[in-house]
Amino acid sequence: MAEAITPRAKDYSQWYLDIVKHAGMAENSDVRGCMVIKPHGYAIWERMQRALDRMFKDTGHVNAYFPLFIPKSFLAKEEQMAEGFAKECAVVTHHRLKAVPGEGLIVDPDSKLEEPLIIRPTSETIIWNTYKNWIQSYRDLPLLINQWANVVRWEMRTRLFLRTAEFLWQEGHTAHATKQEAEDEAHKILEVYRSFAEDWMAMPVLTGPKTDGQKFPGADYTLCIEAMMQDRKALQAGTSHFLGQNFAKAFDVKFQSQAGQLEYAWATSWGVSTRLIGGLIMTHSDDGGLVCPPRLAPIHVVIVPLGKSDDEKANSFKAAEQLRETLVRIPREEFFGYEPLVVEIDKRFGQSPGARFIDWEIKGVPIRIEMGPRDLAQQTCVLARRDFPGKEGKTVGVPLGELPTKVVALLKEIQKNLFERAKKYRDANSFEVNSYDEFKKKIDEPGGFLWAHWDGTRATEDRISNETKATIRCIPFQRAKEAGKCMVTGAPSEGRVVFAKAY
RNA sequence: CGGGGUGUAGCUCAGCUUGGCUAGAGCGCGUGGUUUGGGACCACGAAGUCGCAGGUUCAAAUCCUGUCACCCCGACCA
């Protein structure tokens, strides 16, 4: 039991760190606040990218790339944004080093930049500065562009994947001729995010606008997808902003309408980041390690051949190779993003079988097939599903001939089961509360999503978050119309909003 | 930025209070052998300018001064 994972019940944060570490997903680098994403973690990100990118393309978007550096004056042009990001910007002030005898490399004082460059915390400003040159006529609209990039936000307190100084994301930036069209775009993307979260990550989400206090600086309003982690805390998993004409005005982006009028363009921006990987971990994983939904799993099936004698090893290894050949030839299906099944064979005969099984469980491979002499004598194998921990997920005596159909069906079943289980958990930890006293009690124990009436004011929202550390996660589209009274002030409210403690 | 703490092998740490042989352990790593259906074991081995600089001393990982880095707790965030 050398590499045990801390149980969730004992220390949830440590459990999370143990999973990230032992599953080989990421580690802290020697650069403060920055992580190294290791191959197994990056493989999940690549799968996320592929699925999302196709969804963006299917909705008419194209990819482009804008600079990492943003002149300070650009950032300053949109006042809300400048204020929102000022405290977490990395600033480049010089462009050269020089070697000084005795001192080593120093920043060359003669290389000071005329104007400091900001490392992008987000790219609205540089992009809208560019759009100014691209947009003259209504015929140039809509402009539907996405970029895959890294950004830097100088965070004090970091956690792998969930909050790091540098992270990877995609950011969409669109320009439209009408307000309606831009608003439709923001909603359309939110639906893309919802379906990605639920259908690919198997992570149920609430959707709806943020309050004014929680929205993106520079946005007229922000829509979000919000998920519940297993410690009952909320995770903002994606945001889609309606930016109004704020950036068009800041960067003077006008177009001539069909009627010949000069008008400011309407904008949206939207993004999801490597934070989703943290969400995926905290939604599904158990005390045995990572649990990865099949549609995003870097490896779908691992075959572990077993044997003592050289003959037994050779036989089971050969059978494993034959099985892999069969499995990877299964016709590509939309369900798997038209990609072939990824099947790995574990050749480590030198290690004990238990150690090998556990290693794949920690890595979250959805299906494991064990083949030893006892199985092969009967032309069967042991089939283990990762959504049930350890031996609980095992079925012995599965005929080899049935595997191709069984494996595909089981992958789909695991995907479905993970979503339903997560949804059940979220719903079981969501409560309607009707008084502030009840709220204060429940927010600590048991925690979770508290649906409550709120008067819609910033003052009340701030008061609640100061007193309880809980914030309004979103004003869900899913809420019922229900006349009520704010639990704090008693002022009228037309529906409940969702409060929770959040990452 | 305020308070607390830690720097010794790849990792986790002991040793420091009370200075003294060649600086230790566990894990990991390498080699050889025995093992193998839920985290195997034995033997041997490689690996450290004790964060850095200066000082005290016959003698410093240990005491003193300075310095750097990192971690934890309080105001923000995909």
Side-chain angles (χ1 to χ4, degrees), chain A residues 1-5 13 17 21-22 27-34 83-89 120-123 149-159 161-172 193 210 213-217 219 222 224-227 234-241 269-279 288-289 304-310 312-313 316 346 348-362 368-377 380-382 384 389-394 396-397 462 465-466 469 471 502-503:
Chain A
M1 296 292 278
E3 303 262 312
I5 289 171
S13 323
L17 292 173
K21 180 178 176 187
H22 295 309
E27 61 190 37
N28 279 310
S29 73
D30 286 339
V31 185
R32 82 182 278 260
C34 296
E83 210 177 298
F85 285 105
K87 280 171 287 182
E88 45 187 352
C89 286
R120 61 180 165 219
T122 178
S123 301
N150 58 339
V151 287
V152 168
R153 297 182 187 175
W154 209 262
E155 300 288 350
M156 305 296 285
R157 187 112 164 65
T158 61
R159 298 190 70 190
F161 290 120
L162 298 172
R163 193 186 300 116
T164 47
E166 179 192 15
F167 57 91
L168 306 183
W169 77 344
Q170 58 69 215
E171 47 181 326
Y193 287 162
K210 288 280 183 194
Q214 300 278 332
K215 74 180 183 192
F216 176 77
T222 289
C224 69
I225 56 172
E226 201 76 22
L235 183 77
Q236 181 177 129
T239 46
S240 178
H241 316 291
S269 71
W270 27 273
V272 295
S273 72
T274 38
R275 171 178 251 204
L276 288 177
I277 298 172
V304 185
L306 301 163
K308 292 184 201 174
S309 68
D310 286 348
E312 287 173 350
K313 289 178 193 173
S316 62
D346 181 345
R348 298 169 297 177
F349 285 100
Q351 292 184 32
S352 77
R356 295 160 78 194
F357 301 159
I358 284 166
D359 186 55
W360 294 109
E361 281 172 10
I362 291 175
R368 183 180 69 248
I369 295 169
E370 304 166 13
M371 309 175 100
R374 296 211 298 262
D375 307 298
L376 293 175
T380 65
C381 66
V382 175
K391 290 182 175 174
E392 205 184 314
K394 277 193 179 187
V396 291
D462 289 347
S465 81
N466 285 335
K469 306 268 182 213
T471 48
Y503 277 97

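Chain identifiers are assigned alphabetically (A, B, ...) following the order of the sequence lines, protein sequences preceding nucleic acid strands; residue numbering begins at 1 within each chain.
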Residue whose closest nucleotide on RNA chain B lies nearer the 5' end, A:Ala384 versus A:Glu88: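 Residue closer to the 5' terminus by nearest nucleotide: A:Ala384.
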
Nearest-nucleotide 5' precedence on RNA chain B, A:Arg348 against A:Ser352: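 That would be A:Arg348.
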
From the list [options], which nucleotide is the closest neighbour of the side chain of [X]?
X: A:Ile358; options: B:G37, B:G39, B:C70; value: B:G39
X: A:Ala355; options: B:G37, B:G39, B:A78; value: B:G39
X: A:Val382; options: B:C76, B:G38, B:G37; value: B:G37
X: A:Lys469; options: B:A75, B:C76, B:U36; value: B:A75

Residue pair A:Phe167 / A:Val151, side-chain heavy-atom distance below 4.5 Å: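 Contact flag for A:Phe167/A:Val151 side chains = yes.
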
Gap between atoms [atom1] and [atom2], on [X] and [N] respectively (whole Å):
X: A:Glu166; N: B:C77; atom1: CD; atom2: C1'; answer: 17 Å
X: A:Lys21; N: B:G28; atom1: NZ; atom2: C1'; answer: 11 Å
X: A:Lys87; N: B:C77; atom1: NZ; atom2: P; answer: 7 Å
X: A:Asn28; N: B:U12; atom1: CG; atom2: P; answer: 11 Å
X: A:Glu370; N: B:G39; atom1: CD; atom2: P; answer: 12 Å
X: A:Trp154; N: B:C76; atom1: CH2; atom2: C1'; answer: 16 Å
X: A:Ile362; N: B:G38; atom1: CD1; atom2: P; answer: 16 Å

Candidates A:Arg368, A:Lys391, A:Lys394 - the one meeting salt bridge (Lys or Arg N to Asp or Glu O under 4.0 Å) with A:Glu361: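 That would be A:Arg368.
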
Whether the side chain of [X] engages the backbone of [Y] through a donor-acceptor N/O pair (distance < 3.5 Å, no angle test) should be reported.
X: A:Glu312; Y: A:Ser309; result: yes
X: A:Thr222; Y: A:Phe216; result: yes
X: A:Arg275; Y: A:Gln236; result: yes

Determine whether any donor atom in the side chain of [X] lies under 3.5 Å from an acceptor atom in the base of [N], or the reverse, and answer yes or no.
X: A:Lys391; N: B:G37; result: no
X: A:Glu312; N: B:G37; result: no
X: A:Arg368; N: B:G38; result: yes
X: A:Arg163; N: B:C77; result: yes
X: A:Asp359; N: B:G39; result: no

Opposite nucleotide pairing with B:U49, Watson-Crick or G-U, both atom distances under 3.5 Å: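 Partner of B:U49: none.
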
Aromatic plane relationship, A:Tyr193 with A:Trp270 - under 30° parallel, 30 to 60° tilted, over 60° perpendicular: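 Taking A:Tyr193 first and then A:Trp270, their aromatic rings stand perpendicular (interplane angle over 60°).
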
Verify stack between A:Trp169 ring and B:A78 base, 5.5 Å, 30 degrees: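 Not stacked by the 5.5 Å and 30° rule.
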
Interatomic distance at C1', B:U31 relative to B:A46, whole Å: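 About 10 Å, rounded to a whole number of Å.
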
Distance between P atoms of B:C63 and B:C44 (Å, rounded):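 Pairwise P distance, B:C63 against B:C44, rounds to 36 Å.
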
